[in-house]
Amino acid sequence: MHDWITTPITADILRGAIELERTEHGLLPHRLPARARAQCADGQLAMAESQPSGVRLVFRTRATAVELDTLPTKRDYVGVPPRPDGRYDLLVDGRLTGQASVTGGNTLTIDMTTGTARLRPGAPGTLRFADLPDGVKTVEIWLPHNETTELIALRTDAPVEPAPDEGRKVWLHHGSSISHGSDAAGPSTTWPALAASLGGVELTNLGMGGSALLDPFTARALRDTRADLISIKIGINLVNADLMRLRAFTPAVHGFLDTIREGHPTTPLLVVSPILCPIHEDTPGPSAPDLTAGQLRFRAVGDPAERASGKLTLTVIRDELQRIVEQRAADDPHLHYLDGRDLYGQADSAELPLPDQLHPDAATHRRIGERFAAFAFTANGPFGK
């Protein structure tokens, strides 16, 4: 039995969120501001930005037991085995010491063949961590990176106070579902979370599944968000969605970078091209779901011959991104480029193939995170200077 103390969940104990929305149940962390959300009616983006990748409760306490009431929204895909419940990671003084899930909640059933979705309401649940070490410590609860999570109540058996600012740099990152977390083992082991831990920085992750599409409202969100270091990973979603051709891609990249620079004129800015994805290296999009084996996989359905008329492939995007960065870097010494194949390339694909043809598994997330940290955060790297 515990004498519980309920602490209001406020912005001073929540990191990684851009905005908090008051709901009928509690607080919903968002990774895009309301103004941006209002400018796009895309259901994929709405789902992705409300999934709290990189969002975590952080506080100091002597508590040995913690409870968190939440209302999760889980996803089911028609024709695919049920997904596991989202995972919460407990870190004590920076070390992963517990993992748990919240059962129940809302269920969003998605039919990828028709593009329809149906929401079934459910009840909140309670996450519980016990037997924490005695003494004052920093506690972090990383919310599930792939499960929309409304925060209802935080209870502990000792008082809670915000963790002090340790003066660490804030790293702001934007990318696709791979940056969002895809099939990582948990929220603190997505590749950006791992890289941030290795680099000793505070992460704000704007990686959003299916939604790294050079949207102007995303660029403005990056422009207006506090950051000491910025990276943007561009490419795979543009091919997945078959969204634009080369003629539109080049000025869209320039416009995206121009907008970021309005708010962060001299901040180190790293442009990262796509990791290796064999189905789209030389075949344009779109990508299509393939459920024939009873599991979700993807295939490229574009025509390679259309590259001649400007259709985008990953090879085309990498070449153009490198050219754009080299052109702009002549006047912007804080702009840098990283070929995504240096994070995951041909040899990695042979050893650790992408299970569904698009998304890396947990082992590959770790490899990408370690390689990114070794490139970006070392003394001579773009973020280490």
Side-chain angles (χ1 to χ4, degrees), residues 7-23 25-34 36-37 45-59 66 68-75 85-91 94 96 98-102 105 124-125 127 129 138-154 160 162-163 165 168 170-182 184-197 201-209 211 218 221-222 224-227 365 369:
T7 299
I9 299 173
T10 55
D12 59 355
I13 61 169
L14 194 66
R15 299 183 185 177
I18 297 296
E19 191 171 272
L20 298 178
E21 177 189 359
R22 177 69 61 180
T23 70
H25 302 287
L27 290 176
L28 177 62
H30 286 284
R31 295 186 298 125
L32 282 178
R37 304 195 303 272
L45 175 65
M47 180 176 67
E49 72 83 27
S50 69
Q51 294 172 343
S53 183
V55 180
R56 62 269 185 206
L57 291 161
V58 184
F59 50 86
V66 178
L68 181 66
D69 295 339
T70 72
L71 177 63
T73 297
K74 303 173 187 297
R75 290 173 292 154
D85 289 331
R87 196 180 90 178
Y88 297 72
D89 284 352
L90 173 72
L91 277 66
L96 180 63
Q99 301 160 357
S101 297
V102 172
L127 178 79
F129 291 111
T138 298
V139 173
E140 301 175 50
I141 302 175
W142 287 66
L143 306 182
H145 62 283
N146 56 1
E147 193 172 87
T148 301
T149 304
E150 294 181 60
L151 302 171
I152 299 173
L154 172 67
V160 161
D165 184 351
R168 301 200 299 180
V170 175
W171 169 35
L172 177 63
H173 176 71
H174 171 59
S176 69
S177 58
I178 299 171
S179 298
H180 187 141
S182 58
S188 68
T189 54
T190 67
W191 81 254
L194 288 166
S197 177
V201 296
E202 288 287 336
L203 172 65
T204 302
N205 187 4
L206 300 192
M208 296 181 194
S211 303
T218 301
L222 292 164
D224 298 338
T225 299
R226 177 194 168 193
H365 269 277

Handout entry: Residue list, ring pair (Phe, Tyr, Trp, His ring centres under 6.0 Å) with His173, at least two apart or on another chain
Key = Trp171, Trp191

Exercise for the section: Before accepting this row, confirm whether a basic side-chain N of the pair Glu147/Lys74 lies closer than 4.0 Å to the acidic partner's carboxylate O. Expected result: yes

Exercise for the section: Just jot down the side-chain contact (heavy atoms from CB on, under 4.5 Å) partners of Pro29, sequence neighbours excluded, or say none. Expected result: Leu14, Ala17, Leu20, Val55, Leu143, Leu151

Practice task
Please check if the side chain of Thr148 supplies one atom and the backbone of Thr73 the other of a donor-acceptor pair under 3.5 Å.
Solution key: no

Practice task
For the residue pair His365 and Ser182, confirm or rule out a side-chain donor-acceptor distance under 3.5 Å.
Solution key: yes

Problem - By side-chain hydrogen bond (donor to acceptor under 3.5 Å, both in side chains) - contacts of Glu19 (at least two apart) - result: Arg37

Practice task
Evaluate the salt bridge (charged side-chain N to carboxylate O under 4.0 Å, His left out) criterion for residues Glu202 and Arg226: first the C-alpha distance (whole Å), next the side-chain angles of each, then the deciding distance (0.1 Å), finally the verdict.
Solution key: CA-CA 11 Å; Glu202 288 287 336; Arg226 177 194 168 193; over 6 Å; no

Exercise for the section: Please check if any side-chain donor atom of Thr23 sits under 3.5 Å from a side-chain acceptor atom of Glu150, or the reverse. Expected result: yes

Practice task
Just do the side chain to side chain contact (heavy atoms under 4.5 Å, CB included) check on His174 and Leu222 with the steps written out, would you?
Solution key: CA-CA 8 Å; His174 171 59; Leu222 292 164; 4.1 Å; yes

Practice task
Using the test side-chain hydrogen bond (donor to acceptor under 3.5 Å, both in side chains), find all partners of Ser188 that sit at least two apart in sequence or belong to another chain.
Solution key: Asp89

Practice task
Could you pull out the closest heavy-atom pair between Gly181 and Thr190, with the gap in Å?
Solution key: CA-CG2, 3.6 Å

Problem - Qualifying residues under side-chain contact (heavy atoms from CB on, under 4.5 Å), relative to Ser176, sequence neighbours excluded - result: Ile178, Ala212, Ile236, Asn237

Exercise for the section: Check for a donor-acceptor pair, side chain of Asn146 on one end and backbone N or O of Gln51 on the other, with a separation under 3.5 Å. Expected result: no

Problem - Contacts of type side-chain hydrogen bond (donor to acceptor under 3.5 Å, both in side chains), residue Ser177, not counting sequence neighbours - result: His359

